[in-house]
Amino acid sequence: MTIRRIITMSGTILQYNRSAPIIINNFQLLNQPRFTTITRLKHTKALRSEKEKIRTYFVQRYIDYVKNYTKVLETRFPNAVKMYRVFSVGIKDFLRDLKMYITLRIKVARDHGFSKMSRQEIELYQKMPSDMLRIAPVLILSAIPFGNYIIFPLAFLKPRTLLCSHFWSIQQKVEFSRQELTERLRHNKPVFRSLQAQVEIIPDGDIKLKWKRVIASLGSGVHPSPKDVLACKDLFTKEPYQLSSLNYAHLGHLLKMHGLRKSIFRTSKLKYRAFLLLEMDKAIIREGGVNILNAETLRNACHIRGLNGSNLPNQDMRNWLQNWLSVSENIDRTSYSLLLHCPIFFAYNHPQNWVLIY
């Protein structure tokens, strides 16, 4: 074999070896089964499903984090969260009662009185003006730019002074109610002394003797009966105990005894207070009397009228309130002064009130 032939054969063999893998691969591609495409589709769907699972997992974890974020804030910033809740819940309650108060104002003007209003509505009508006056500075200052950063923490530290009852917790309501009644009760004694000081100027007669017995009973720690009080009603429709005849200091203590602010027009303010008290009494009688009132309502009714009912049994509160109503049923515009002095007749020597004072 010549050298040229050997070189030619070697080149042919080498070319064959290079092209063989390509031929084999093309042959394998031609002989692949048809279900390869289906397999790829299945893998694609499985991959998408896994991606959806991962996405759903992270979304759910984010939702859980947002839900539990308040707990995280409570742990890290407890005072800030508490302040937020106090104002968010309080402003909702205040706006609800404010809307009701406006509705009641319209109702009073339309019906020319309170005869169609419930006891609860009259109590709200009586309470809202003082609440609005107390919360007004906080609401006004919070509207000033950056004012809320100052006034809200300050109000949170002094809730009794700067906030109304809508923003108080249950514990604060009980505590502040007790403090407010205690301050009112401190004016009972000056009012009693003022009544006592006018005894001698009453003209001699049967009514003077009856009144002396009432004063003596109160001085000895005993409350007179409603019948004894009504027997002296005429003294409160004219001198010396009608509202226009009371001296300035007596009127001031009478205002504070009913939880009102002292003002220049003391007589007018007391007449309006007596009018609302009388309307609340009428509403209780109109709705079925004291026997249908629950414990909370009884305590609130006693508190408004100057009695600490926090530790009294329901029946004792009903009996006390019934004595009050027995006098109230006989009150008219000329004898408002008698109704305003009823806390002296029925609560001045009550043991529950002495507990608060002493």
Side-chain angles (χ1 to χ4, degrees), residues 104 108 111-127 184 188 191-192 195 206-207 210-211 213-215 217-218 222-238 241-244 246 254 257-260 267 269-295 297-309 312 314-350 353:
L104 293 176
V108 169
D111 299 336
H112 304 288
F114 296 82
S115 59
K116 296 182 180 180
M117 289 172 60
S118 66
R119 171 200 53 79
Q120 190 174 5
E121 289 175 337
I122 299 174
E123 288 179 359
L124 177 65
Y125 187 91
Q126 176 261 334
K127 178 175 174 291
R184 288 169 54 189
N188 283 7
V191 171
F192 173 68
L195 292 174
D206 186 52
I207 193 169
K210 292 178 180 179
W211 180 240
R213 284 197 292 267
V214 170
I215 293 295
S217 297
L218 290 170
V222 179
H223 290 120
S225 66
K227 184 179 178 180
D228 294 335
V229 173
L230 289 172
C232 303
K233 176 183 174 182
D234 290 343
L235 295 176
F236 292 84
T237 60
K238 55 187 179 181
Y241 297 127
Q242 64 177 353
L243 286 177
S244 59
L246 301 180
L254 203 56
M257 190 177 76
H258 285 278
L260 304 175
T267 303
K269 204 168 186 179
L270 285 168
K271 284 182 178 179
Y272 185 66
R273 170 66 175 180
F275 168 73
L276 289 179
L277 274 175
L278 187 59
E279 291 299 328
M280 283 188 274
D281 293 342
K282 290 178 180 178
I284 292 175
I285 297 171
R286 191 166 57 240
E287 293 174 1
V290 297
N291 291 325
I292 67 168
L293 302 180
N294 59 35
T297 304
L298 284 168
R299 273 192 293 270
N300 186 50
C302 290
H303 176 86
I304 290 172
R305 291 158 180 83
L307 175 68
N308 173 30
L312 282 177
N314 291 351
Q315 191 56 47
D316 288 353
M317 288 190 286
R318 288 190 178 98
N319 294 339
W320 187 90
L321 197 56
Q322 187 59 56
N323 287 338
W324 177 289
L325 295 178
S326 298
V327 174
S328 178
E329 287 177 316
N330 297 277
I331 297 295
D332 54 23
R333 296 185 63 181
T334 63
S335 54
Y336 279 164
S337 181
L338 178 62
L339 183 63
L340 291 170
H341 285 89
C342 276
I344 299 297
F345 302 135
F346 301 124
Y348 179 61
N349 293 312
H350 201 286
N353 285 351

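Small disclaimer: the values here were computed from a predicted structure and weren't measured.
Residues Ile304 and Met280 meet the side-chain proximity criterion, which asks for heavy atoms closer than 4.5 Å. For the pair Leu293/Glu287, no side-chain contact is recorded, criterion being any heavy-atom separation below 4.5 Å from C-beta on. Within the 4.5 Å cutoff, side-chain heavy atoms of Gln126 are placed close to those of Arg273. Contact of the Ile331 side chain with the Asp281 side chain is not registered, since no non-hydrogen atoms from C-beta on lie closer than 4.5 Å. At a threshold of 4.5 Å between non-hydrogen side-chain atoms, the residues Leu312 and His350 count as touching. With a 4.5 Å cut-off on side-chain heavy atoms, Ile215 and Phe192 count as touching. The closest side-chain heavy-atom distance from Arg119 to Thr297 is below 4.5 Å. Counting only heavy atoms from C-beta outward, the side chains of Val108 and Met117 approach each other to under 4.5 Å.
Ring orientation note: the planes of Phe275 and Phe114 are nearly perpendicular, at an angle over 60° on the 30°/60° scale. Between Phe345 and Trp211, the ring-plane angle classifies as perpendicular under the 30° and 60° cut-offs.
Without hydrogens or angle criteria, His223 side chain to Asn349 main chain gives a donor-acceptor distance under 3.5 Å. Remark: side-chain polar atoms of Trp324 are not paired, donor with acceptor, to backbone N or O of Cys342 under 3.5 angstrom. At distances below 3.5 Å, at least one donor-acceptor pair connects side-chain atoms of Asn353 with backbone N or O atoms of Gly306. A donor-acceptor pair is defined here as one N or O able to donate and one able to accept, closer than 3.5 Å; such a pair exists between the side chain of Asn330 and the backbone of Ser326. Between the side chain of Arg299 and the main chain of Met317, no donor-acceptor pair closer than 3.5 Å is present. Although no hydrogens or angles enter the test, the distance criterion places a donor-acceptor pair under 3.5 Å between the side chain of Ser337 and the main chain of Tyr241. Without hydrogens or angle criteria, His258 side chain to Leu270 main chain gives no donor-acceptor distance under 3.5 Å.
Here Asp111 contributes atom CG and Lys116 contributes atom NZ; the two are 4.5 Å apart, rounded to the nearest 0.5 Å. Between the CD atom in Glu279 and the CZ atom in Arg286 there is a gap of 7.0 Å [rounded to 0.5 Å]. To the nearest 0.5 Å, the span separating CG on Leu321 from CZ on Arg305 amounts to 5.5 Å. Here the NZ atom belonging to Lys271 is positioned 6.5 Å from the CG atom belonging to Leu243, to the nearest 0.5 angstrom. For the atom pair CD of Gln242 and OG1 of Thr267, the computed distance is 10.0 Å after rounding to the nearest 0.5 Å. Rounded to the nearest 0.5 angstrom, His341 NE2 and Asn188 CG are separated by 10.5 Å.
Nearest heavy atoms, Leu339 versus Ala274: CD2-O, 3.5 Å. What you find for Val290 and Arg318 is that their closest heavy atoms are O-NE, 3.3 Å. Between Val191 and Leu254 the shortest heavy-atom distance is CG2-N, 3.9 Å. Nearest approach of Leu218 to Ile344, heavy atoms of both residues: CD2-O, 3.4 Å.
Shown here is Lys269, whose NZ atom has more than 12 heavy atoms of other residues, nucleotides or ligands within 6.0 Å. The neighbour count for Gln322 CD, taken as heavy atoms of other residues, nucleotides or ligands under 6.0 Å away, is above 12.
Between the side chains of Asp332 and Ser335, a donor-acceptor pair is found at a separation under 3.5 Å.
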